[in-house]
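Just so we're on the same page: letters track the sequence lines, and every chain starts at 1.
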2 protein chains.
Amino acid sequence: MTSARKELFPLVSADVALFSIENGRLVVLLVKRANPPQRGRWALPGDVLKPDRDGSLEDTARRILRDKTGLEVPYLAQVATYSGPDRDPRGWSVSLLFHALVPVDEVPAVAGSKTEAVAWADAAAPGAGLAFDHARHIAAALGKLREKVERHALPLHLLPAKFTLTQLQRTVEAILDRDLEKSAFRRRLKAERSLVEVPGEFERGVQRPAQLYRAADGFEFAV
Amino acid sequence: MTSARKELFPLVSADVALFSIENGRLVVLLVKRANPPQRGRWALPGDVLKPDRDGSLEDTARRILRDKTGLEVPYLAQVATYSGPDRDPRGWSVSLLFHALVPVDEVPAVAGSKTEAVAWADAAAPGAGLAFDHARHIAAALGKLREKVERHALPLHLLPAKFTLTQLQRTVEAILDRDLEKSAFRRRLKAERSLVEVPGEFERGVQRPAQLYRAADGFEFAV
DNA sequence: TCAATAGTGTCTCTTAGACAATATTGA
DNA sequence: TCAATATTGTCTAAGAGACACTATTGA
């Protein structure tokens, strides 16, 4: 039976690269696998499709994140699909990779509150020894994220509801791993409609207060 | 058994939007379905994954094109994955959509040589009444193609091995559905390394001969 | 010579990068 | 007043669009 299944029906699953910002660094969520195969190794959160519970593979991805982190993510999108007989020791498999963004102010909640072992890893260098082909998955998910941001999509889903332009710039810099020119960056933002000022609200510090902004109504993380 | 399969194992398949140029128009290949479901309706060429024969879903896509058209396409890439319980009457299904390009000089061979009913349709208006969600698939595949070309990827796989700059420009215009400025277009090409002159070879007509070019070694259809 | 298209030159406009100058707060 | 950023302005360079001009062939 197992053999028959192997021959005729591939294993279908979803994996999620959940990104956030921690201390100004772009990080990705890993979980320590509690079950075989690859038990004990770090991996992206993932699970097999449950046709009786999931209305789509995107639903599968959302279910995975709910189960592992308790979060409803504000942004989730397909990155790529991987398939073949050798990716998973259980047999012919298809897995759909998603990437998702979670606001920086929810990061502590994720890392702290779970019984399962979860950890944030540097997105650009998640470490060696990951399960399956997940090192490649992370690289692909990051590549897709960078591609969008390079094309001027604003990763507002990584920020709190209200944020300063400098915070946004630091976030974009963390994703692209390079410094941006302040005045050019701000000029670009003004030309768009993605942001709106929150009138009269400022972030205060030991310096001139910074205007707070929020995402415009109907904002989407896309070009 | 069928019911058990429905519950536990989704149907996994691949569909391919094969694009080419016909009389200066961007066209996409449709086949008339010979078997249920949706028998007799026009659809993208597609088939279910055969785990015993396919090394990946990309292999499935190549096999589909080989079977329906006899062609080995020079370019094939993932567009998106669609999934859910209601897309296909046979039950929970996952289908991976690819787009592919075939050179304009192979178009007559495709349309003519097959026993199955195949036809080229206008890619931007493939007509009503397509099977499944394939109208949406075509739109998505075309959107992905346009996105790449907008980002300055050159669709050389749609052209013969040797081509003129005007032929290339017409091809890009067919994809984007708008006219381009000749001098700006050529300036852009010169700045890249994607093309090389074929020394001493020209396309002749009733006008000044046009220099022939070919894709540079290692050319890839990407940004 | 002319029609037809290949190929080039030049102007302008927009946008991005570099960098400097000014603004406003808490300490 | 000063340190520390926020915010704005200005110069320059690169690239894109518009448009016109020159080049070369067959008929």
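If you check distances only, the side chain of A/S183 never reaches the base of C/dG17 with a donor-acceptor pair under 3.5 Å.
Between B/Y213 atom OH and C/dA6 atom P the separation is 12 Å, expressed in whole Å. When rounded to the nearest whole Å, the span between CG of B/L189 and P of D/dA16 equals 11 Å. Rounded to whole Å, the distance from CZ on B/R186 to P on C/dT5 is 13 Å. Rounded to whole Å, atom C1' of C/dA6 lies 12 Å from atom CD of B/E203. Here the P atom of nucleotide C/dT8 and the CD atom of B/Q169 are 14 Å apart, to the nearest Å. Between B/Q207 atom CD and D/dT22 atom C1' the separation is 16 Å, expressed in whole Å. Taking atom CD of residue B/E181 and atom C1' of nucleotide C/dT10, one finds them 12 Å apart after rounding to whole Å. As rounded to whole Å, 11 Å separates atom C1' of D/dA16 from atom CZ of B/R178.
Checked against D/dC11, D/dA23, D/dA6, the side chain of B/R208 finds its nearest nucleotide in D/dA23. You'll find that the side chain of B/R204 is closest to D/dG26, out of D/dG26, C/dT10, C/dG7. With C/dT8, D/dT7, D/dA18 as the choices, the nucleotide that has an atom nearest any side-chain atom of B/K182 turns out to be C/dT8. For A/A184, the side-chain atoms get nearest to C/dA16 when compared with the rest of D/dA27, D/dA4, C/dA16. Ranking D/dT7, C/dA18, D/dA16 by closeness to the A/A210 side chain, first place goes to D/dT7.
Ring pair B/H157/B/F219: centre-to-centre distance below 6.0 Å.
Between B/R187 and A/L212, the residue whose closest nucleotide on DNA chain D is further toward the 5' end is A/L212. Toward the 5′ end of DNA chain C lies the nearest nucleotide of A/R188, the other residue of the pair A/R188 and A/G205 mapping further downstream. Residue A/Q211 is the one, among B/P209 and A/Q211, whose nearest nucleotide of DNA chain D lies closer to the 5' end (criterion: closest heavy atom).
A salt bridge links B/E150 with B/R178: the closest approach of a Lys/Arg side-chain nitrogen to an acidic carboxylate oxygen falls below 4.0 angstrom. The pair B/R214-B/E201 does not meet the salt-bridge criterion, since no charged nitrogen lies less than 4.0 angstrom from a carboxylate oxygen.
Between the CG atom of A/D133 and the OG atom of A/S93 there is a distance of 7.5 Å, given to the nearest 0.5 Å.
Among the protein residues, A/T166 comes within range of the sugar-phosphate backbone only, with heavy atoms under 4.0 Å from sugar or phosphate atoms but none that close to a base.
Of the residues B/D122, B/L18, B/L44, the one that meets the side-chain contact (heavy atoms from CB on, under 4.5 Å) test with B/V28 is B/L44.
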